[in-house]
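Input: a single structure, listed below in structure tokens.
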Amino acid sequence: MKTRRRDSVAELKRRLFKYNLVSMAATAVIALAIYSLATGRGGEIHPWLADQSRMLDLLVAAGVVELLVMMRISRIKRLKQGVLNRRPVTRARA
């Protein structure tokens with residue numbers, strides 16, 4: 001493997017790692033919001049979690065972040081495959 005390809009694959013792996021960290025945080029927020037909404041016991045963890053409207057807003061915001069991260073991760077994975085297979089990545093037609 002050429003040095004240039006190794007460098008670009010390493011850069012793509014670093015980006016994937018960063019986006020996976022963001023995804024884990026968003027997933028934890030989603031789980032906390034669902035727990036708080038489903039059990040109604042979010043106030044036991046923190047008083048801020050007792051408000052249902054706040055939890056719904058938090059759930060929507062974390063869901064949007066998660067969707068955006070998933071889109072970015074899929075794009076990076078396609079780029080990584082393109083680098084490894086030595087072929088240009090084309091966009092999927094909708």
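Sequential numbering from 1 along the given sequence is applied to the chain's residues.
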**Asked** Ignoring hydrogens and geometry, is there a side-chain-to-backbone donor-acceptor pair from S23 to Y19 under 3.5 Å?
**Response** no
**Asked** Tell me, do Q81 and R78 make a side-chain contact under 4.5 Å, heavy atoms counted?
**Response** no
**Complete:** Closest non-hydrogen atoms of L49 and S36, given as atom of the first, atom of the second and distance, are O-OG, 2.7 Å
**Request:** With the side chain counted from C-beta on, respond yes when R15 and R72 share a heavy-atom pair under 4.5 Å apart, and no when they do not.
**Result:** no
**Request:** State plainly whether one hydrophobic cluster holds both V29 and W48, where clusters connect Ile, Leu, Val, Met, Phe, Trp and Tyr through side-chain heavy atoms under 4.5 angstrom apart.
**Result:** yes
**Exercise: identify the closest heavy-atom pair between S8 and V83** = OG-CG1, 3.4 Å
**Message:** Please say yes or no: joined through hydrophobic side-chain contacts below 4.5 Å, possibly via intermediate residues, are L59 and V65 part of one cluster?
**Reply:** no
**Message:** Test of understanding: clusters of I, L, V, M, F, W, Y form through side-chain heavy atoms closer than 4.5 Å, transitively. Do M71 and V69 belong to the same one?
**Reply:** no
**Request:** Please check if I73 and I30 belong to a single hydrophobic cluster, counting links between Ile, Leu, Val, Met, Phe, Trp and Tyr side chain heavy atoms closer than 4.5 Å.
**Result:** no
**Message:** Quick check: closest heavy atoms across A50 and G43, and the distance to 0.1 Å?
**Reply:** CB-CA, 3.9 Å
**Request:** Any chance you could lay out the side chain to side chain contact (heavy atoms under 4.5 Å, CB included) test for M55 and D51, step after step, and finish with the verdict?
**Result:** CA-CA 6 Å; M55 286 298 97; D51 185 15; over 6 Å; no
**Message:** Please say yes or no: joined through hydrophobic side-chain contacts below 4.5 Å, possibly via intermediate residues, are I34 and L58 part of one cluster?
**Reply:** yes
**Message:** Testing V22, N20, L21 one by one against M24 for a side-chain contact (heavy atoms from CB on, under 4.5 Å), which residue passes?
**Reply:** L21
**Request:** Any chance you could measure L12, atom CG, to K77, atom NZ, to the nearest 0.5 Å?
**Result:** 12.0 Å
**Item:** Minimum heavy-atom distance Q52-L37, with the two atoms named
**Value:** O-CD2, 3.9 Å
**Asked** For atom CZ of R54, is the number of surrounding heavy atoms from other residues, nucleotides or ligands below 6.0 Å larger than 12?
**Response** yes
